[in-house]
Amino acid sequence: MPELPEVETIRRDLESVLVGTRITEVEFVHDAGVFRILRRFPSRKVFAREVTGRTIEGVDRRGKYLLFRLGPERILLLHLGMTGQLLFRPVTTAPDRFARVVFRLNGSKLEFADARKFGELYLYRPGHYEAIDLNRLGPEPLSRDLSRAYLSRTFQGRKRAIKAVLLDQSVVAGIGNIYSDEILFAAGIDPRRPAGSLTRKEIDRLYRAITGILTRAVERRGTSARDEWFVDARGRPGGFQAELKVYQRKDDLCPECGETVVRETIGGRSAHFCPRCQK
DNA sequence: ATTGGGACCTGCTCGC
DNA sequence: TGCGAGCAGGTCCCAA
């Protein structure tokens, strides 16, 4: 659910309110320690002790990960999984139904809520062993690191469906199921095509679709579709759902040609596409 | 090595 | 109307 545009929206929201703020208390709600939150970290107690009292100096993003710089010594890494939300609220607001971790900041609080508990929370000491290795992620799609040449090189010889390859975070970081569908539609490429079969021209269209769709989705502050109930740090939905062409539009008519949009499982994930426009 | 599939987790939708 | 089965998705892990 939260893909690059959603995570970037939250990052921007939080950066504007959190930088310079001190974390005064960390509270775990329910049994946050048993699932992925902190799964690879020694303990909740150590985590809380290490985080408390530090000042948030910056909020960065890498792929779908958020990185909070806590002074020069620690980086707090957070992944929203599928249903994670980060809610910035006055400290007096009642906790979210699915709040798992609450960071208290002077007069306000940041809640990490996550119904399905796939979210991850971790704490780094820069330069030390990192259990969650961000270096395995592919290039940031909205940076110079992503290029046509890189895609061409990476796709070469790959038999895997292009849909599955776009979802692979080690190929390009930040694309999930919503945007892979929309990107392939915008590029006019059949999601089932082996990545290695794309021509130079198709890779060019794909590159432009990746940057174009993601940029537009960031401008619209993410997608809040039926099964992807995203909200930003202030609890507001995004606006890109109004621009979805194929995602979750099975049996609707293709906005380009009028053909019926189909849904098919590719690489274990649902893919939506127009069988006429996407070749 | 690359790829596919199941596991994780649980709220919600849909069909009977 | 009520109930239960199955779906949804991001990532990890194991097996082929």
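We name chains A, B, ... by the order of the sequence lines, and we start the count at 1 in each one. Both backbone and side-chain heavy atoms feed into the values below; hydrogens, waters and symmetry mates do not. Only a predicted model underlies this, so the values are computations on that prediction, with no experimental measurement involved.
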With respect to the phosphate group of [N], does any side-chain polar atom (N or O) of [X] fall under 4.0 Å of OP1 or OP2?
X: His79(A); N: dT11(C); answer: yes
X: Arg160(A); N: dG4(B); answer: yes
X: Lys117(A); N: dG11(B); answer: no
X: Gln169(A); N: dG10(C); answer: no

CG on Asp114(A) to CZ on Arg116(A), rounded to 0.5 Å: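 The distance works out to 9.5 Å.
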Which nucleotide sits closest to the side chain of Asn177(A): dA8(C), dG10(C), dC12(B)?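 Selected nucleotide (nearest to the side chain): dG10(C).
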Counting only side-chain heavy atoms from C-beta out, which of dT3(B), dA8(C), dG11(B) sits nearest to Phe98(A)?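 Shortest atom-to-atom distance from the side chain points to dG11(B).
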Check step by step if salt bridge (Lys or Arg N to Asp or Glu O under 4.0 Å) holds for Arg221(A) and Asp232(A). CA-CA 8 Å; Arg221(A) 298 180 57 80; Asp232(A) 66 19; 2.9 Å; yes
Does Phe118(A) lie flat on the base of dC8(B), that is, centres under 5.5 Å apart and planes under 30° off?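 Stacked: centres under 5.5 Å apart, planes under 30°.
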Flag if over 12 foreign heavy atoms under 6.0 Å of CZ, Arg234(A):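 Counting neighbours around CZ of Arg234(A), 12 or fewer heavy atoms of other residues, nucleotides or ligands fall under 6.0 Å, so no.
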Which residue lies toward the 5' end of DNA chain B, Arg269(A) or Ala115(A), if each is placed at its nearest nucleotide?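 This one resolves to Arg269(A).
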Would Tyr179(A) and Phe240(A) count as a ring pair (Phe, Tyr, Trp, His ring centres under 6.0 Å) if you check the C-alpha gap in whole Å, the side-chain angles of each, and the deciding distance to 0.1 Å? CA-CA 10 Å; Tyr179(A) 299 108; Phe240(A) 193 73; 5.8 Å; yes
Whole angstrom value for the distance that separates P of dG11(B) from CZ of Phe230(A):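 Rounded to the whole Å, the gap is 21 Å.
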